[in-house]
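It should be emphasised that the depicted structure is a prediction, and the values quoted were computed from it without experimental measurement.
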Amino acid sequence: MGYDLLKRALNARVADVLPEPTPLDRATNLSERLGHTVLLKREDLTPVFSFKLRGAYNRITALTPSELARGVIAASAGNHAQGVAFAALRLGIRCRIVMPRTTPSIKVAAVRRLGAQIDLAGDSYSDAAELCAELARSTGAVSIPPYDDIDVIAGQGTIGLEILRQAPRDFGSIFVPIGGGGLVSGIAAVVKELRPQVRIIGVHAASSDAMQRSLREKRRVRLDRVGIFADGVAVKQVGELTFDLCQRYLDDIVVVSTDEICAAIQDAFEDTRTVLEPAGALSVAGVKRAHAAGALAPGPVVAIASGANVPFAKLGYVAERAEVGQLREAILVVTIPEVPGAFLDFCRVIGDRSVTEFNYRLGSRAAADVFLGVEVTSADELRTLARLFEAKGYRCDDLTHDDLAKTHVRHMVGGRSASAKDEVLYSFEFPERPGALLEFLTSLGARWNISLFHYRNHGSAFGRVLCGLEVPAREHGELIAALDALGYPYEAETQSPAARLLLG
């Protein structure tokens with residue numbers, strides 16, 4: 001199928017709302033650290049702090065007068081909603097946005113300020129999309145898709161045109177975040193038409209890798225669940241058009257972790273003094289991952305800073321995880337003898353290294369497990385420290401990349417209980433909205449005693465719970481059936497290293 005996206009992008013109406021190209025800024029600090037020029041395409045500086053305005057406006061301006069008179073509707077948990085609402089306000093047409101009830105209040109308020117009617121429905125984007133389709137049929141409003149639409153893709157493709165005009169002639173690659181695929185498809189199709197030697201690299205969050213799996217299996221794969229941290233790319237299934245375009249034009253995909261995303265947010269802040277949202281920092285994380293693997297193409301590299309709509313409540317979590325993502329902090333559990341003077345000897349091994357966290361509680365008279373956060377400068381320094389502990393006769397477990405340790409257990413050290421019998425541990429995610437925690441506990445029921453409970457929320461759409469239950473072995477099958485019936489994603493954690501060392 002021929003899409004002629006270059007022609008469509010050249011004729012896109014984006015200049016109506018973005019009369020000047022967004023800047024292409026050198027990330028000075030990051031470039032010096034990597035020894036490779038990194039340029040940030042600042043889509044966080046549009047009027048809605050996201051690239052989504054381009055595709056939404058271009059799609060709406062393509063409507064006929066009779067379609068414009070019917071108004072527009074869209075389902076979105078954030079940036080697409082703001083782009084559609086801004087475009088509708090600019091064009092003076094009616095706009096209705098359907099958002100999940102879990103949408104952060106900052107994004108709901110932003111859409112409301114743009115004059116859109118808002119419907120809150122369900123706990124996920126899928127729930128909102130279902131209601132949006134029903135309302136479009138019953139009201140006649142024109143639905144504006146977030147990514148799987150040729151005019152939306154062409155609008156995003158204008159970023160590629162701007163980069164080709166702004167970047168040095170010898171630049172070698174563009175790193176682009178991937179959710180549903182609209183942004184990467186538009187940029188790739190345009191750039192490859194004009195400069196085929198430039199490499200287009202997509203970047204996935206590890207828990208939302210629908211495009212990578214689809215390309216690998218040569219069909220559109222639908223994920224059972226997606227991660228909640230980088231909500232801007234949390235898409236279970238990519239679009240038909242975007243999948244086809246990525247098959248044609250995408251050179252590679254890099255997958256990054258939550259810690260790497262948090263570190264990239266810090267990198268971008270240090271260079272721009274702007275706080276990117278997690279999805280907005282994906283490209284920076286991807287550049288760093290590729291550089292570490294020795295996979296960067298020659299010449300300057302462009303990273304799309306795709307958005308900056310981040311809830312303030314999320315920033316504490318970002319800062320907490322960024323140090324690990326930069327490998328500036330290591331998380332260790334060191335087992336030492338429970339004898340007088342052992343604690344002092346342990347501290348002497350640490351020496352003058354900066355300790356970021358230190359948690360300890362008497363667990364037994366035989367040995368003590370110390371939860372240690374310590375600043376390091378490299379993986380080599382971490383290995384050296386571990387060898388020092390082992391030379392002293394201490395057991396040292398590295399939990400730097402253990403998500404359970406960083407999300408829950410570091411806040412619960414000393415949580416062992418000699419009274420807990422037949423204890424099993426599970427982690428859960430449930431939609432974060434008023435009353436959700438009570439609903440979760442009610443759904444869990446009272447058959448088994450809760451022996452441990454830890455809940456954390458960081459301004460995300462979903463809360464995270466670690467729960468301990470006293471369940472006799474003969475009842476484990478009944479427990480699994482009950483957990484499946486809850487309808488909440490869950491993982492068994494009883495045998496995880498962090499749980500065994502510090503909670504078992």
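Partners of T274 by side-chain contact (heavy atoms from CB on, under 4.5 Å), not counting sequence neighbours, listed by chain and number: R42, D44, T272, L276, A308. Applying the side-chain contact (heavy atoms from CB on, under 4.5 Å) test to R213 and every residue at least two apart in sequence or in another chain returns D209, R216, V221, L223. In terms of the side-chain contact (heavy atoms from CB on, under 4.5 Å) criterion, residue partners of T61 (sequence neighbours excluded) are, by chain and number, R13, Y57, N58, L91. Checked against side-chain contact (heavy atoms from CB on, under 4.5 Å), R94 has no partners two or more places apart in sequence or in another chain.
Within 6.0 Å of CD in Q247 there are more than 12 heavy atoms belonging to other residues, nucleotides or ligands. Within 6.0 Å of atom CD in Q197, more than 12 heavy atoms from other residues, nucleotides or ligands are found, so the atom counts as buried in its surroundings.
The aromatic rings of H291 and H36 lie perpendicular to each other, with more than 60° between the two planes, well past the 30° mark.
For the pair V302/V176, no side-chain contact is recorded, criterion being any heavy-atom separation below 4.5 Å from C-beta on. F51 is not listed as a side-chain neighbour of I304, based on a closest heavy-atom distance of 4.5 Å or more. Considering only heavy atoms from C-beta on, I178 stays 4.5 Å or farther from V233 through its side chain. Contact annotation: the side chain of D267 approaches that of R33 to within less than 4.5 Å [non-hydrogen atoms, C-beta and beyond]. Contact check for L164 versus V191: side-chain heavy atoms found under the 4.5 Å cut-off. Using a 4.5 Å heavy-atom cutoff, the side chains of L63 and V72 are in contact. Taking 4.5 Å as the limit, every side-chain heavy atom of I265 sits out of range of all side-chain heavy atoms of K314. Counting heavy atoms from C-beta on, the side chains of C95 and V84 come closer than 4.5 Å.
The shortest non-hydrogen separation linking V190 to G157 is CG2-O, 3.8 Å. The two atoms that bring A116 and I97 nearest to each other are CB-CG1, 3.9 Å, heavy atoms only. Across all non-hydrogen atoms, the minimal contact from S50 to N79 is OG-CB, 3.5 Å. Closest of all the heavy-atom pairs between V111 and A85 is CG1-CB, 4.3 Å. Nearest heavy atoms, M99 versus I118: SD-CG2, 4.1 Å. Among all heavy-atom pairs drawn from V235 and G180, the shortest one is CG2-N, 3.6 Å.
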>> For H204 and M211: C-alpha separation, side-chain torsions, deciding distance, then whether side chain to side chain contact (heavy atoms under 4.5 Å, CB included) applies.
In response: CA-CA 8 Å; H204 266 314; M211 185 65 80; 3.3 Å; yes
>> Before you tell me yes or no, could you show the steps for I60 and F86 under side chain to side chain contact (heavy atoms under 4.5 Å, CB included), namely the whole-Å CA-CA distance, both residues' side-chain angles and the distance that decides it to 0.1 Å?
In response: CA-CA 11 Å; I60 294 173; F86 185 97; over 6 Å; no
> Checking side chain to side chain contact (heavy atoms under 4.5 Å, CB included) for the pair C262/F229: CA distance, chi angles, key distance, verdict?
Replying inline: CA-CA 10 Å; C262 291; F229 179 63; 3.5 Å; yes
> Would V38 and V284 satisfy side chain to side chain contact (heavy atoms under 4.5 Å, CB included), going step by step from the backbone distance to the final call?
Replying inline: CA-CA 9 Å; V38 180; V284 176; 5.9 Å; no
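At least one donor-acceptor pair closer than 3.5 Å links the side chain of R289 to the backbone N or O of V255. Of the possible donor and acceptor atoms, one in the side chain of T158 sits under 3.5 Å from a partner among the backbone N and O of G155. S76 places a side-chain N or O within 3.5 Å of a backbone atom of A81 that can act as its donor or acceptor partner. Between the side chain of T242 and the backbone N or O of G239, at least one donor-acceptor pair lies under 3.5 Å. S173 places no side-chain N or O within donor-acceptor distance of the main-chain N or O of I200, the cut-off being under 3.5 Å. Distance alone, capped at 3.5 Å, is enough to place a donor-acceptor pair between the E277 side chain and the N309 backbone.
Here E130 contributes atom CD and C132 contributes atom SG; the two are 11.0 Å apart, rounded to the nearest 0.5 Å. With rounding to the nearest 0.5 Å, the separation of CG in L241 from SG in C246 is 11.0 Å. The CD1 atom of I73 lies 4.5 Å from the CG atom of L135; values are rounded to the nearest 0.5 Å. From L24, atom CG reaches atom CG of L39 across 4.5 Å, with rounding to the nearest 0.5 Å. The CG atom of D25 sits 9.0 Å away from the CD atom of Q166 when rounded to the nearest 0.5 Å. Interatomic distance, OH of Y490 versus CD1 of I480, reported as 4.5 Å (0.5 Å rounding).
Electrostatic pairing of R225 and E491 counts as a salt bridge here, judged by a charged N lying under 4.0 Å from a carboxylate O. A salt bridge does not link D16 to R90: none of the charged side-chain nitrogens sits closer than 4.0 Å to a carboxylate oxygen. Salt bridge K41/E162: present, at least one basic N to carboxylate O contact under 4.0 Å.
The closest side-chain donor-acceptor pair between E43 and S306, if any, does not fall under 3.5 angstrom.
Checked against K7 for a side chain to side chain contact (heavy atoms under 4.5 Å, CB included), the options L5, L10, D4 give a single hit: D4.
The list of salt bridge (Lys or Arg N to Asp or Glu O under 4.0 Å) pairs with a residue in residues 131-156, not counting sequence neighbours, reads R8-D151, R59-D149. Within the structure, salt bridge (Lys or Arg N to Asp or Glu O under 4.0 Å) contacts touching residues 168-194 (residues at least two apart or in different chains) are K192-D251.
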